[in-house]
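Below is one structure; the comments refer to it alone.
Index from 1, following the sequence.
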Amino acid sequence: MQVFSFRRQFMILTACFSLCLVAKAEFQRFQLQTNVEDSLKFFVVGDWGRRGLYNQSEVAAQMGLVANKENIDIVFSTGDNFYEDGLKGVDDPAFKESFSNIYNAQSLQKPYWFNVLGNHDYRGDVLAQLNPVLKGIDSRWFCYRSFHIGYADFLEIFSVDTTPFVDDYFTDPKEHVYDWRGVLPRENYLSNVLKDLDNALKNSSAKWKIVIGHHTIRSAGHHGNTVELVTKLLPVLKANNIDFYMNGHDHCLQHISDPDSKIEFFTSGGGSKAWRGDIKPWDPKELKLYYDGQELYIQQTQSINLMTSLYSSNINRTMQQRFSFHQFLILTACLSLCLAFKADEIQRFQQQANANGTLSFLVVGDWGRRALFNQSKVAEQVRFNNFRSKYL
């Protein structure tokens, strides 16, 4: 067992929080020691590595503010860490330009960043992201194909390498070239991943089990369901009664409840480029949330008793907080509209209340830039969110 500790300049120690790595075949396990509050707060964010462009820097800045306020412990990345084609090698400047230099808030130097691989990561030198040399460049970086971590005796999080499951990447890669080193022969690799995951889940005594991968299983977004995961991975998850499956790939934030099991599906893939604007029809009884923009999930898990007590008022026994990056403000108020403008000073207009006594309106300013600097994207969000307003 090898013990890793945070560097002093990266965190102020308020509790004993160290990481122990147990090397076990391909499916590696990490154990996080509990803090004094017996709780774990973590970000889940994906599809982010764009050298700060497409609002990546804006999301990162908000992550820093929230991490400082909430005292975030760790970060999970759901993959597609470096666009468009992964890293070229361990000395690729994209590592610093898309990771170290972007997530540079002091509050973000504390967490470990656990990263899984996405399909874009496999288009580059896939072994570069797995190379421990990157941890020497930025000590937060941890990237493995498949692994799981334990926290106290009530939580385990299992990460699965989902890209090799998708047939099209092998049979119809188009102009893309994928780095399948360590994966071939494919059938053996997939068999081992499923077997190792199944064994790890069966051997887990944790009350709460979360599985994280890059690709969707259930999604109303652009990519939709990943058929190969529905047929191969989902049966393993159902058989082991996991609580959450969390992924990226679709550049949005969504929550879908599975009608046939207790599994809740969460997508957090809005770390940078989003604004897709397409959503597939879905049963509203299952689709609990869909937001098509930049965002991340903040999760807090605590002791079994507290988790159980939160079941009725929070999503599936977990405290959920949603942060969304908005460039406009939507206000809904239970009052009539009073815009005042008087003769030489202020004139006044009186709007009568509607039937339900509410008023919805937008407040937006500094916009006239011929659709540049995200003006069009802001305008699109009004349509995407089906906003109904009589006044703007």
Q. Should the heavy atoms of other residues, nucleotides or ligands under 6.0 Å from NZ of K96 be counted, would the total exceed 12?
A. no
Q. In this structure, which one of W141, F76, F142, F99 forms a ring-ring contact (aromatic ring centres under 6.0 Å, His included) with W113?
A. F99
Q. Below 6.0 angstrom between ring centroids: does that apply to W282 and Y290?
A. no
Q) Within a radius of less than 6.0 Å around NZ of K285, do more than 12 heavy atoms belonging to other residues, nucleotides or ligands occur? A) no
**Q.** Beyond-backbone contact of Y245 with I212, side-chain heavy atoms, under 4.5 angstrom
**A.** no
(Q) I'd like to know if the side chain of D73 pairs up with that of Y112 as donor and acceptor (distance under 3.5 Å, no hydrogens or angles considered). (A) no
Q | Test side-chain contact (heavy atoms from CB on, under 4.5 Å) applied to L87 and L127, L134, N131, the passing residue | A | L134
Q. Does a donor on one side chain and an acceptor on the other come within less than 3.5 Å for D47 and Y83?
A. yes
**Q.** Matching residue for H223 among D250, N247, T267 - test: side chain to side chain donor-acceptor pair (under 3.5 Å)
**A.** D250
Q: Indicate whether the side chain of N115 and that of Q129 have a donor and an acceptor atom separated by less than 3.5 Å.
A: no
(Q) Show me the pairs that pass salt bridge (Lys or Arg N to Asp or Glu O under 4.0 Å) and involve residues 75-85, at least two apart or across chains. (A) R50-E84
Q | Electrostatic pair R123:D121 at N-O distance under 4.0 angstrom | A | no
Q. Between F30 and F114, does the ring centroid distance fall short of 6.0 Å?
A. yes
Q | Lys/Arg-Asp/Glu bridge criterion (N-O < 4.0 Å) met for K262, D258 | A | no
Q: Describe, in one word, how the ring planes of F82 and F95 are oriented to each other, choosing from parallel (under 30°), tilted (30 to 60°) and perpendicular (over 60°).
A: tilted
Q | N55 side chain to K273 side chain, donor-acceptor N/O pair below 3.5 angstrom | A | no
Q) Which pairs, with at least one residue in residues 179-191 and sequence neighbours excluded, count as a salt bridge (Lys or Arg N to Asp or Glu O under 4.0 Å)? A) D125-R181, D167-R186, D179-R181
(Q) Would you say H215 and T162 are linked by a side-chain donor-acceptor pair, where the criterion is simply a distance under 3.5 Å? (A) yes
**Q.** Parallel, tilted or perpendicular, as decided by the 30° and 60° cut-offs, for the rings of H249 and H214
**A.** perpendicular
Q.
Tell me if the NZ atom of K280 is crowded by more than 12 foreign heavy atoms within 6.0 Å.
A. yes
Q.
Regarding E156 and K209, does a basic nitrogen lie under 4.0 Å from an acidic carboxylate oxygen?
A. no
